[in-house]
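Beneath this line is the structure, given in structure tokens, with notes to follow.
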Amino acid sequence: FKGGDTCEYLLSSGRFLGEKVWQPHSCMMHKYKNSEAKNCLVDKHIVFIGDSRIRQLFYSFIKLINPQVKEEGNKHGNIPFEDKSASIKVDFLWYPEVNGSMRQRIKSWAESSVSKPHIIVAGAATWSIKIHNGSNEALAQYKINITSIAPLLEKLAKTSDVYWVLQDPVYEDMLSESRKMITNEKIDAYNEAAVHILNSSSRNSKAKVKVFSVSKLIAQETIMKSTDGLHLPESSRDTNAMILMNVYCNKIMKPIDGSCCQPQPPLTLIQKLAFCFFTLSIIGYLIISLIHRNNYRKSKSCTDLESGEEKKPAISTPNVSTLQMLLHSFCKLGLIMTYFYLCDRANLFMKENKFYTHSSFFIPIVYILVLGVFYTENTKETKVLNREQTDEWKGWMQLVILIYHISGASTFLPVYMHIRVLVAAYLFQTGYGHFSYFWIKGDFGVYRVCQVLFRLNFLVVVLCIVMDRPYQFYYFVPLVTVWFMIIYATLAIWPQIVQKKANGNCLWHFGLLLKLICLLACIYFLSYSQGAFEKIFSFWPLSKCFELNGNVYEWWFRWKLDRYVVFHGMLFAFIYLGLQKRQMISEGKGDPLFSNRISNVLLFISIVSFLAYSIWASSCKNKTECNELHPSVSVVQILAFILIRNIPGYVRSVYSSFFAWFGKISLELFICQYHIWLAADTKGILVLIPGYPMFNVLVSTFIFVCVAHEISQITNDLAQIVVPKDNSTLLKRLLCVAGFFSGLHVFSAMQGQSRH
């Protein structure tokens with residue numbers, strides 16, 4: 001840990017990912033859009049003062065505000081720029097040498113009480129080398145001149161952001177004869193003089209001239225692409241301009257994927273209360289553990305001195321042990337949440353941008369596939385979508401999604417479309433699993449509902465509190481929660497139609513189909529009526545759960561993207577359970593699902609359908625158009641996979657215990673990755689060990705998986721305590737939960753007022 005000043009790293013160090021993507025050391029750089037740049041720089045006056053290299057930087061900077069700007073005008077003169085819509089004024093002032101003229105201009109700003117620029121970007125040296133033919137006298141004069149302007153720049157730095165741009169290296173072989181005296185040796189000497197003199201009188205002061213030295217590193221990699229050996233190629237200039245924008249704007253705009261130069265967010269009231277709660281839980285657990293330990297020592301079997309017999313104490317403390325289990329769970333959870341906070345809210349660990357390459361995605365996929373096949377075992381039962389098989393399915397899908405996220409593969413459209421199918425498959429299983437349970441068991445009790453809701457939402461609620469994030473931020477959990485409630489409402493509303501009732505009268509099957517048709521009609525209506533959807537979820541308290549950035553558009557988009565797949569899962573479960581009840585399928589060990597002929601035909605159709613979808617997804621050219629078709633066609637590949645996986649008897653009789661293990665903690669893996677595997681709310685990558693990317697991934701992955709597994713166990717333990725089977729006790733707990741969320745809402749409102 002070298003401190004939290006990521007601005008210094010942004011201005012001085014980094015490396016290229018690939019050919020064009022610049023990665024600052026230890027932090028993430030945001031790519032500013034024109035609208036964001038205008039919002040940040042509104043009513044600002046920025047000045048670039050220096051030579052032709054500074055002029056290049058000036059043009060790249062103003063193109064971030066207005067991309068239509070063309071590089072025109074007098075190259076050796078002042079160039080003004082103004083954006084009247086945002087009241088932004090950017091000037092380039094032609095001062096190719098550090099001399100008296102430049103000093104006079106800077107002095108006028110330093111002594112002015114009104115018209116000081118908000119940002120000053122200065123730099124010059126190559127003209128001094130060129131005009132004086134690289135003489136040592138010129139270097140000595142440069143030192144004298146920069147010494148004279150240094151106090152003025154430092155004075156300006158108290159009220160403005162002042163940057164001194166060091167000179168980039170040149171490509172000496174490409175320089176024209178008139179520039180041959182500009183050597184990298186001379187440039188290094190001038191840079192060394194500037195760094196030594198600037199800030200020499202204010203080393204312990206916060207108001208310093210910021211030395212922009214990162215441009216040298218960028219130029220070392222790209223100067224060979226220069227057209228004249230002196231000026232940087234356009235892509236490198238644009239990178240420098242984007243770095244400048246990040247240095248100034250990140251602390252104002254606070255972009256999620258721009259961790260450079262962002263201060264650590266202050267603890268909110270709710271976060272402080274959570275910290276106190278977990279601290280008290282740890283202290284309480286330690287006290288109870290000590291009491292139990294002492295009681296255990298006192299109550300050990302001891303010999304009665306009179307009779308010589310052993311007395312066995314009969315001590316029963318079920319309440320204490322339940323309390324100890326509760327405090328133990330919160331104790332572990334508190335330590336885990338501390339790790340979450342340190343990883344993604346404190347400026348303790350480094351964060352880096354993602355960078356996609358085909359190898360970074362496909363090589364790990366092949367690796368986990370080999371591991372998964374290696375751990376093959378026989379299933380306990382051979383039914384279609386048995387428990388081991390669904391766990392396996394969730395497991396390998398989750399691992400693929402994790403690799404997709406850490407590799408940044410969303411930029412590659414064919415991969416994105418296949419990952420969308422995997423997310424749809426999770427929701428398909430939600431529809432299939434919950435429908436099957438309610439249809440077979442007929443259990444619509446409050447206990448079942450509370451158990452499912454607790455297991456789904458416990459971790460997310462804790463993270464919303466600890467990480468200060470809205471519920472909708474963890475979009476997948478709200479999605480499966482709402483769909484679970486829709487499935488429950490569809491089947492629980494009168495008339496309740498379950499398998500036992502339907503077996504007595506076949507007409508009940510048509511009644512259930514009618515319910516499903518009504519559900520489909522409602523889904524269809526809401527998907528094409530954004531206004532109605534937003535009105536439903538804009539009512540309080542639903543709006544508190546589903547708003548993100550002040551509206552529910554993101555929630556509508558997420559819901560709409562996979563709107564039919566849960567219905568498809570319910571319908572598949574209904575058809576499959578009907579066929580199973582009438583013994584129209586064979587689920588014996590090693591037996592094909594249907595007769596050989598039908599099985600072969602269905603297997604062929606399934607393989608063709610699976611490949612056809614992959615071909616279509618791989619040929620996608622436009623993400624928006626493909627997303628429009630996705631809800632209707634994703635079920636094709638899902639059903640094809642289910643049939644390929646279950647029609648052959650042998651394939652149905654085995655499963656991968658490796659994938660199934662991950663499948664059991666798939667929800668925790670999906671949520672935990674946001675903060676302790678990825679970083680900056682999934683926008684970047686957490687760096688625990690800088691400089692060793694592979695070793696870093698191994699270490700952070702090991703911790704991440706262990707934490708997810710531990711949280712899964714904590715959730716299961718707490719579910720048994722918090723959600724009791726006794727209805728009267730459960731009702732009291734629900735009232736406590738309602739009180740908890742009411743208090744949370746009050747504190748949240750107080751936080752909102754204090755922020756405003």
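- In this structure, a donor-acceptor pair under 3.5 Å is present between the side chains of Thr268 and Gln271.
- Side chains of Arg455 and Asn716: a donor on one and an acceptor on the other come within 3.5 Å.
- In this structure, the side chain of Asn696 engages the main chain of Ile689 through a donor-acceptor pair within 3.5 Å.
- Figure legend: cation-pi geometry between Arg469 and Phe473, with NZ or CZ positioned under 6.0 Å from the six-membered ring centre and within 45° of its axis.
- Less than 2.5 Å separates the SG atom of Cys7 from that of Cys261.
- No side-chain N or O of Ser656 forms a donor-acceptor pair with one of Glu392 less than 3.5 Å apart.
- Of the N and O atoms on the side chains of Gln398 and Tyr426, at least one donor lies less than 3.5 Å from an acceptor on the other residue.
- A side-chain donor-acceptor contact under 3.5 Å links Asn457 and Thr481.
- Residues Lys589 and Glu381 are not paired through a salt bridge, judged by the lack of any N-O separation under 4.0 Å between the basic side chain and the carboxylate.
- Atom CZ of Phe275 is surrounded by 12 or fewer heavy atoms from other residues, nucleotides or ligands within 6.0 Å.
- Residues Gln389 and Leu385 share a closest heavy-atom pair of OE1-CD2, 3.6 Å.
- Between Lys383 and Glu388 no salt bridge is recorded (no basic side-chain N to carboxylate O distance below 4.0 Å).
- The shortest heavy-atom contact between Ala708 and Cys672 is CA-SG, 4.2 Å.
- For the residue pair Gln324 and His292, a side-chain donor N or O sits within less than 3.5 Å of a side-chain acceptor on the partner.
- The minimum heavy-atom distance between Ala573 and Tyr432, with the atom names listed, is CB-CD1, 3.5 Å.
- When side chains are defined from C-beta on, Cys464 counts as touching Tyr474, because their heavy atoms get closer than 4.5 Å.
- A heavy-atom distance below 4.5 Å is found between the side chains of Asp681 and His675.
- Screening Trp555, Tyr471, Trp559 against Phe537 for a ring pair (Phe, Tyr, Trp, His ring centres under 6.0 Å) leaves a single residue, Trp555.
- No more than 12 heavy-atom neighbours from other residues, nucleotides or ligands sit within 6.0 angstrom of OH on Tyr367.
- Between Arg345 and Asp468 there is no salt bridge, since none of the side-chain N atoms of the basic residue sits less than 4.0 Å from a carboxylate O of the acidic one.
- For Trp396 and Phe641, the distance between ring centers is under 6.0 angstrom.
- For the pair Gly684 and Lys354, the tightest heavy-atom approach, listed with the atom from each and the gap, is O-CE, 3.9 Å.
- Taking a 6.0 Å sphere around CZ of Phe444, one finds it holds more than 12 heavy atoms contributed by other residues, nucleotides or ligands.
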(request) Decide yes or no on side chain to side chain contact (heavy atoms under 4.5 Å, CB included) for Tyr404 and Phe361, but give the supporting numbers first. (result) CA-CA 7 Å; Tyr404 163 83; Phe361 177 74; 3.9 Å; yes
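- Taking every heavy atom of both residues into account, Ile676 and Leu686 meet most closely at O-CD2, 3.5 Å.
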